[in-house]
Amino acid sequence: MSELPADVLDLLVCPSCHAGLAWDYEASELVCTGPDCGLAYPVRDGIPILLVDEARRPGANG
């Protein structure tokens, strides 16, 4: 599975700030849309890993 269904993505929020998430196709991760957050959560085998400890910080290299 390379992409989450739109109806599933609409239900997911950032565990840190509760803003919506956007799909980053190239990086295969979900990125927080909150202006002060921006955490990027990995998607492994089609499963979003929505743990703050697993998230990549803005500006950090993968």
Side-chain angles (χ1 to χ4, degrees):
M1 175 190 254
S2 62
E3 184 176 337
L4 293 171
D7 56 338
V8 172
L9 187 57
D10 289 342
L11 296 174
L12 299 177
V13 296
C14 175
S16 179
C17 72
H18 305 284
L21 296 169
W23 181 259
D24 181 341
Y25 297 98
E26 290 183 17
S28 190
E29 58 190 13
L30 296 174
V31 180
C32 177
T33 59
D36 297 326
C37 185
L39 290 174
Y41 298 92
V43 177
R44 297 183 189 131
D45 298 322
I47 300 169
I49 311 299
L50 298 178
L51 300 171
V52 174
D53 291 343
E54 293 283 324
R56 183 176 56 80
R57 297 275 172 201
N61 292 332

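Everything numeric here is computed off the predicted structure, so don't read it as measured data. When a residue number appears, it is its place in the shown sequence, counting from 1.
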(message) If the condition is side-chain contact (heavy atoms from CB on, under 4.5 Å), which residues does S16 pass it with, not counting sequence neighbours?
(response) C14, C37, L39, Y41, V52
(request) Name all residues meeting the side-chain contact (heavy atoms from CB on, under 4.5 Å) criterion together with A19; count only those two or more places apart in sequence or in a different chain, and write none if there are none. (result) C17, C32, T33
(message) List the residues meeting side-chain contact (heavy atoms from CB on, under 4.5 Å) with L51, not counting sequence neighbours, and say none if there are none.
(response) I49, E54
(request) Treating Ile, Leu, Val, Met, Phe, Trp and Tyr as nodes and any side-chain heavy-atom pair under 4.5 angstrom as an edge, say whether L50 and L11 lie in one connected cluster. (result) no
(message) If hydrophobic clusters are built from ILVMFWY residues whose side chains come within less than 4.5 Å, do L21 and Y25 share one?
(response) yes
(request) Name all residues meeting the side-chain contact (heavy atoms from CB on, under 4.5 Å) criterion together with D24; count only those two or more places apart in sequence or in a different chain, and write none if there are none. (result) E26, A27, E29, V31
(request) Apply side-chain contact (heavy atoms from CB on, under 4.5 Å) to the pair L30 and L9, showing each step before the final yes or no. (result) CA-CA 9 Å; L30 296 174; L9 187 57; 3.6 Å; yes
